[in-house]
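Reading through the structure tokens given below for one structure.
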Amino acid sequence: MKDIKSVVAKKLEKSIEQLSWTDIMDNLEYPPNPEMGDLALPCFKLSRVLRKSPIAIADLLVNSLDIDIVEKCESKGGYLNIFIKREYMVNNILKNMVIGKEEFGKSNENAGKTVCIDYSAPNIAKPFHIGHLRSTVIGHSIRRLHEFRGYKCVGINHLGDWGTQFGKLIVAYKSWSSKELIEEKGTEELVRIYVKFHSEAEKDPSLNDQARKWFSRLEKKDEEAVELWKWFKDISLLDIEKTYKMLDISFDSYAGESFYNDKMEPVIEELKHKNLLVNSDGAMIVNLEEYNMPPCLILKSDGSSLYATRDIAAAMYRKKTYDFDKCIYVTATAQDLHFKQWFKVVELMGYKWAKDLKHVGFGMVSMGGAKLATREGNIIYLDDLFSEAAKRVLDIINEKNPDMEDKEQKALDIGVGAIVFSDLSNNRIKDIDFSWEDALNFDGSTGPYVQYTYARACSVLRKSGLIEDDINMDNIEPSHMTNDEEFALLKTLSLFNEKIDQALKDLEPSCISRYLIDVCMAFNKFYNSHTILNAEDNKKFRILLTAAVKYVLGNGLYIIGLKRTERV
RNA sequence: GUGCCAGUAGCUCAGCUGGAUAGAGCAACGGACUUCUAAUCCGUAGGUCGGGGGUUCGAAUCCCUUCUGGCACGCCA
């Protein structure tokens, strides 16, 4: 539909001297219902420029669109309603999809550009819980959106693998655990002793001192401390990898907090040289009063570094290593100010690329109105959530299709899909109050609905006997499109590219999730009102339409990170 | 206290660079499986777009104000 808009705008540009092509592109819109055509130009804004009434302008333009793709135009209440020839819709839009297949929606318009995407970033030695899921799935989808449009993507998992908690873990390990236990139970055991540490430390505060000492040994690269730290990290990474595998997610870099330990000193030196650092109550800060922000803390009064210091060091490292055109950070909106501050510091350091740093925020996850907190036990582990979802899906499969092959894997794919989809279906800025009921709802606008519809389209295609190579436009006539359901479906499908543009511009995966629901509704409506395989005159046309649905849904599912379920 | 974000149907949300009668899903009620997968589809019902001003030919959308909720505001990340 993008192309159609463009052609129409080009023609209209010639009819209205005062307007440029982009003005017209911005103003062209999709009418709310089919009787009003396929495209519309509201003429109200033009009225002042042209000194004519909107109705007169629309009347005037009615005859100016004498191009071959336009069927007719109507002037209605100040709108120019444009009807596109169905022939063009079939021959071009359907054709693009049928020929494009898995490539439909992709482009290389950003070839040669690199984008770094920092997402997921779980804390090592703690299990993955529902609070970590958002960054992971939003980041992953943003990555795929960029890949679709030709960017080279570097997925970075900035692991939380450094901090005083490792001192605590070492003490806890030495007091209450063993090599065997940790090797056997992995993260679960690490969590057990971490929680135990906190309860014991309330009775015996000297444990905290011991922990501090161990962390300080770790910072001084004490051999035993480093070895234990590495071991904890490896153990916990193994578990985290399992989760990523279920989600079909991988990273290009796991350079986490510890990676930047030796890269902050030069940054501090540079800040000093550039006269940006100011002493304030013993701490070193960058003053941002001029920019209406509180100061950015760089060094604590004891001389140790802070979050912002590490982020600046990491950004500089990434610029040097990847020479990114954009560097995206997917974290909670609660960190808005933090990012604004250190982005500004990078700018003040004189780096032009500060403008290429982007923070993509998302809303908070709570449960029963309360914050998620490991210590209060107000937490849901992702593993538990996934297995519960898979179990419920399996129950449904056993009820509806007990003979299905590979049931467990499919149940997992759909269960996980349901959870990921629900996380990606609202605008990312929205807070989420987690409930089992909502997360495991499989009716309506859900992941299973999309995956089911995808499988339904696949099933029809399988039964059609048409193999991939036969999918072409031979013997297709525009007259084969005979009813409103087919046309409505084709129009919905044609919006895919614009939805990707929008999602990429707003860094908003929900744009795609919601669009997929639209496609499913249009297809299911069509499917329920017309036969495909028993069609008289336009069987092939309907099969191709179904193929187009498969490609658009398949590519969309890929972008939001759900499995393409060929059979369910 | 200051700043940022949110407030749309009973519930969860779209729509927000101003445009045609404010749309979905869930829940409720009534229909459709001898037919390509009924995890589907069709229909009914449900709204002073938090309140109040303003700008405009036109406001859920922009501006001001006010209420409610969340988050953030120096040595955590």
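Reminder, nothing fancy here: chain letters follow the sequence lines and each chain counts from 1.
Within the 4.0 Å cut-off from OP1 or OP2 of U17(B), not a single side-chain nitrogen or oxygen of K505(A) is found.
Residue N81(A) is classed as a base contact, given a heavy-atom separation below 4.0 Å to a base. Looking at heavy-atom distances under 4.0 Å, P32(A) makes contact with a base. Within 4.0 Å (heavy atoms only), Q451(A) reaches no atom of the nucleic acid at all. Residue contacts shown for A40(A) include a base, since a base heavy atom lies under 4.0 Å away. Using a 4.0 Å heavy-atom cutoff across all strands shown, L297(A) reaches at least one base atom of the nucleic acid. Among the heavy atoms of the strands lying under 4.0 Å from M364(A) are primed sugar atoms or P, OP1, OP2 only; no base atom is included.
For F442(A) and Y449(A), the gap between ring centers reaches or exceeds 6.0 Å. Between W229(A) and F215(A), the gap from one ring centroid to the other reaches at least 6.0 Å.
Counting heavy atoms from C-beta outward, V278(A) and V286(A) have side chains that stay 4.5 Å or more apart. Here the side chains of T333(A) and H359(A) are not in contact, with every heavy-atom distance at 4.5 Å or above. In this structure, L12(A) and L80(A) have side chains that are in contact, with non-hydrogen atoms separated by less than 4.5 Å. Residues I543(A) and V460(A) have side chains not in contact (no heavy-atom distance under 4.5 Å, counting atoms from C-beta outward). Between Y527(A) and I532(A) there is a side-chain heavy-atom pair separated by less than 4.5 Å. At least one side-chain heavy atom of L495(A) sits under 4.5 Å from a side-chain heavy atom of Y30(A).
In this structure, E289(A) places its CD atom 15 Å from P of G3(B), rounding to the nearest Å. Between L299(A) atom CG and G74(B) atom C1' there is a gap of 13 Å when expressed in whole angstrom units. Whole-Å rounding puts the Y30(A) OH to G15(B) C1' distance at 16 Å. The CG atom of D518(A) sits 14 Å away from the P atom of G23(B) (whole-angstrom rounding). The CD1-P distance, from I512(A) to A14(B), rounds to 16 Å in whole Å. We find that CG of L277(A) is positioned 14 Å from C1' of G74(B), with the value rounded to whole Å. Nucleotide C5(B) holds its C1' atom 13 Å from the NE2 atom of H359(A), rounded to whole Å. Distance, L337(A) CG to C76(B) P: 17 Å, rounded to whole Å.
Side-chain atoms of Y260(A) never come within 3.5 Å of backbone atoms of D311(A) as a donor-acceptor pair (strictly under, hydrogens ignored). Distance alone, capped at 3.5 Å, places no donor-acceptor pair between the S280(A) side chain and the A283(A) backbone.
The side-chain tip of K168(A) does not point at the ring of F166(A) from less than 6.0 angstrom away and within 45° of straight on.
In this structure, C33(B) is classed as syn because its glycosidic torsion stays within 90° of zero.
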**Complete:** In 5'-to-3' order, the base (B), backbone-only (S) or no-contact (-) status of each nucleotide in nucleotides 36-42 of chain B, using a 4.0 angstrom heavy-atom cut-off, is BBSBBSS

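Here C73(B) sits opposite G1(B) as a Watson-Crick or G-U wobble pair (both hydrogen-bonding atom distances under 3.5 Å). In a base pair of the Watson-Crick type (N1 to N3 plus N6-O4 or O6-N4) or a G-U wobble (N1-O2 and O6-N3), with each distance short of 3.5 Å, G43(B) is matched with C29(B). Nucleotide A60(B) has no partner under the Watson-Crick or G-U criteria, as no pair reaches both atom distances under 3.5 Å. When both distances must be under 3.5 Å, the Watson-Crick or G-U wobble mate of A6(B) is U68(B). With a 3.5 Å ceiling on both atom-pair distances, the Watson-Crick or G-U wobble partner of U12(B) is A24(B).
Comparing G15(B), C76(B), C71(B) by their nearest atom to the side chain of A334(A) picks out C71(B). Distance from the side chain of N441(A) is smallest for C26(B) among the nucleotides G74(B), C75(B), C26(B).
Distance check on atom P: A20(B) versus A59(B) gives 11 Å, rounded to whole Å. For the C1' atoms, the distance from U56(B) to G18(B) is 9 Å, rounded to whole Å. The same atom, C1', is picked in G52(B) and in A60(B); the two are 16 Å apart, to the nearest Å. Here the separation of C11(B) from G51(B), taken at their P atoms, is 15 Å to the nearest Å. Only the P atoms considered, G10(B) is 23 Å distant from A6(B), to the nearest whole Å. Spacing of P atoms, A22(B) relative to A39(B), comes out at 35 Å, to the nearest Å. Across the C1' atoms, G23(B) and G47(B) are found 11 Å apart, a figure rounded to whole Å. Between the P atoms of A24(B) and A45(B), the separation comes to 13 Å (whole Å).
Proximity of residues 415-434 of chain A to RNA chain B (heavy atom under 4.0 angstrom from any strand atom) is restricted to N426(A), N427(A), I429(A), K430(A), D431(A). Of the residues in residues 480-493 of chain A, none has a non-hydrogen atom less than 4.0 angstrom from any atom of RNA chain B.
Side-chain contact annotation: N261(A) with R310(A), donor-acceptor N/O pair under 3.5 Å present. Using a 3.5 Å distance cut-off with no hydrogens or angles, the side chains of R514(A) and N427(A) do pair a donor with an acceptor. In this structure, a donor-acceptor pair under 3.5 Å is absent between the side chains of H158(A) and E257(A). Side-chain contact annotation: E437(A) with N441(A), donor-acceptor N/O pair under 3.5 Å absent.
Mapped onto RNA chain B by nearest heavy atom, P295(A) and K76(A) fall at different nucleotides, with K76(A) at the one closer to the 5' end. Between S445(A) and S304(A), the one whose closest nucleotide on RNA chain B sits nearer the 5' end is S445(A).
Taking 3.5 Å as the limit, the base of G74(B) and the side chain of S280(A) contain a donor-acceptor pair of atoms between them.
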